[in-house]
> 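Sharing a structure with you now.
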Amino acid sequence: MNKITPDTIDLFNANLRYESPKDIISFALELSNKPLLTTSFGSYAVALLHAVTKVQPSLQVVWCDTGYNTEATYKHVKEVTELLQLNLDIVTPKYTTAFLESMLGRPNLDNPNHQAFSEQVKLEPFQRALEVHKPDLWFANLRKGQTAYRDGLDILSFSEKGILKVSPFYHYSDRELQNYLAKYELPNEDDYFDPVKALTHRECGIHFKN
């Protein structure tokens, strides 16, 4: 990872701006010894899963099952895992959904314990996964226009812990992603709920703290 530094990252981003996701992924993998892909299995997540595993089929994938996913999402996880033969590591909170709700209440923004809830159901499990896998490169499905925070990133960025984060579809619109899914006949998942984000344009927190 010594080629890309905070001083040179803007130059690399400019060079990658009009490259295809496949070329971005191939470039990034050449720099990495321990790449990792995290996914929500939410809307358009299958595009990144497909693009990365087409280049490196055995790449480690991490999914945090918060316990609040919809039945449609669980079916989607099963379908995509089998379709792409994912090397999937499922991480879960240390406590059951029933226990968390009894201690912290239901997951909504009006709940004064929402931050503590977020920590337990998503942030801690993801931090635990990163400690186990110790990646030097992190593929994520971040895109411009999703949140104000993500608008300030780019294809390449560094996480809070110094991991090089790669978002091959960063400049893609919803229409472009729809075309990608149609081209490769990939299933999408729209019935998705993240109890930590609660709102569509709110950050779940894993990209702030990891």
Side-chain angles (χ1 to χ4, degrees), residues 1 4 16 19-94 121-143 155-170 172 177 180-181 183-192 194 196 204-207 209-210:
M1 284 306 165
I4 301 176
L16 292 173
E19 297 293 338
S20 68
K22 178 183 177 181
D23 288 341
I24 293 170
I25 292 163
S26 297
F27 165 78
L29 287 173
E30 289 180 359
L31 305 175
S32 175
N33 293 315
K34 294 194 70 175
L36 180 73
L37 189 160
T38 61
T39 186
S40 66
F41 282 106
S43 186
Y44 303 123
V46 69
L48 181 62
L49 291 166
H50 174 266
V52 172
T53 56
K54 287 287 285 184
V55 179
Q56 186 167 317
S58 62
L59 188 135
Q60 184 68 64
V61 179
V62 167
W63 173 52
C64 178
D65 178 6
T66 63
Y68 285 88
N69 290 289
T70 65
E71 183 63 26
T73 296
Y74 286 116
K75 290 180 180 178
H76 183 66
V77 171
K78 183 176 185 295
E79 180 182 13
V80 172
T81 300
E82 293 176 353
L83 177 67
L84 302 179
Q85 293 295 292
L86 299 180
N87 179 18
L88 182 63
D89 180 18
I90 302 174
V91 294
T92 59
K94 290 182 177 180
V121 301
K122 202 164 191 182
L123 305 187
E124 189 281 331
F126 263 110
Q127 289 168 359
R128 190 172 356 115
L130 292 180
E131 290 170 4
V132 168
H133 295 291
K134 301 185 187 309
D136 60 1
L137 184 143
W138 176 359
F139 285 108
N141 209 22
L142 306 182
R143 287 193 295 134
I155 295 170
L156 306 178
S157 60
F158 283 105
S159 75
E160 284 295 309
K161 295 183 178 179
I163 305 169
L164 181 64
K165 195 178 298 183
V166 183
S167 304
F169 290 94
Y170 182 77
Y172 267 50
L177 281 173
Y180 183 95
L181 266 56
K183 178 180 179 179
Y184 293 104
E185 299 181 332
L186 298 170
N188 198 14
E189 162 58 354
D190 294 317
D191 184 15
Y192 173 75
D194 187 333
V196 174
C204 66
I206 65 168
H207 296 287
K209 290 195 170 187
N210 294 292

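Here the structure is a predicted model, which means the values were calculated and not measured.
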> If you take all heavy atoms of D191 and A72, which pair is closest and at what distance?
OD2-CB, 3.7 Å

> Rounded to the nearest 0.5 Å, what's the gap from CD1 on I4 to CZ on F27? Could you check?
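Atom-to-atom, I4:CD1 and F27:CZ are 4.0 Å apart.
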
> CG of L130 to CD1 of I163: how many Å apart, nearest 0.5 Å?
5.0 Å

> Holding to side-chain hydrogen bond (donor to acceptor under 3.5 Å, both in side chains), I want the full list of residues that pass it with S26, two or more places apart in sequence or in another chain.
none

> What are the two closest heavy atoms between A45 and N141, and how far apart are they?
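Looking at all heavy atoms of both residues, the closest pair is CA-ND2, 3.6 Å.
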
> Report yes if some heavy atom in the side chain of L142 is under 4.5 Å from a heavy atom in the side chain of K165; otherwise report no.
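Yes. Closest side-chain heavy atoms under 4.5 Å.
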
> Does K94 have any side-chain contact (heavy atoms from CB on, under 4.5 Å) partners at least two apart in sequence or in another chain, and if so, which?
E124, R128

> State which residues pass side-chain contact (heavy atoms from CB on, under 4.5 Å) with P21; sequence neighbours excluded, sorted by chain then number.
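With sequence neighbours excluded, P21 shows a side-chain contact (heavy atoms from CB on, under 4.5 Å) to P168, F169, Y172, given in chain and number order.
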
> Are V166 and S32 packed together at the side-chain level, in the sense that at least one heavy-atom pair is separated by less than 4.5 angstrom?
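They are not in contact (no side-chain heavy atoms under 4.5 Å apart), so the answer is no.
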
> Mind jotting down which residue pairs meet the salt bridge (Lys or Arg N to Asp or Glu O under 4.0 Å) criterion with at least one end in residues 74-86? Sequence neighbours excluded, please.
K78-E82

> Are the side chains of W138 and L164 in touch, meaning some heavy atoms are under 4.5 Å apart?
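Counting from C-beta outward, W138 and L164 never come under 4.5 Å.
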
> Distance-only criterion, 3.5 Å: show the donor-acceptor pairs between side-chain atoms of residues 48-65 and protein atoms not counting sequence neighbours.
residue, atom, partner, partner atom, Å
H50, ND1, Y180, OH, 2.7
T53, OG1, L49, O, 2.6
T53, OG1, H50, O, 3.4
Q60, NE2, N87, O, 3.1
W63, NE1, S40, O, 3.4
D65, OD1, G67, N, 3.0
D65, OD1, N69, ND2, 3.0
D65, OD1, Y74, OH, 2.7
D65, OD2, Y74, OH, 3.3

> Working to the nearest 0.5 Å, report the span between CG of N188 and CG of L181.
5.0 Å

> Out of curiosity, L29 CG to L137 CG, how far, rounded to the nearest 0.5 Å?
7.0 Å

> Kindly write out the residues that satisfy side-chain contact (heavy atoms from CB on, under 4.5 Å) with T81, not counting sequence neighbours, or none if the list is empty.
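Expected list: F41, V77, L86, L88.
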
> Is there a donor-acceptor contact under 3.5 Å from the side chain of E19 to the main chain of I24?
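Not a single qualifying donor-acceptor pair exists.
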
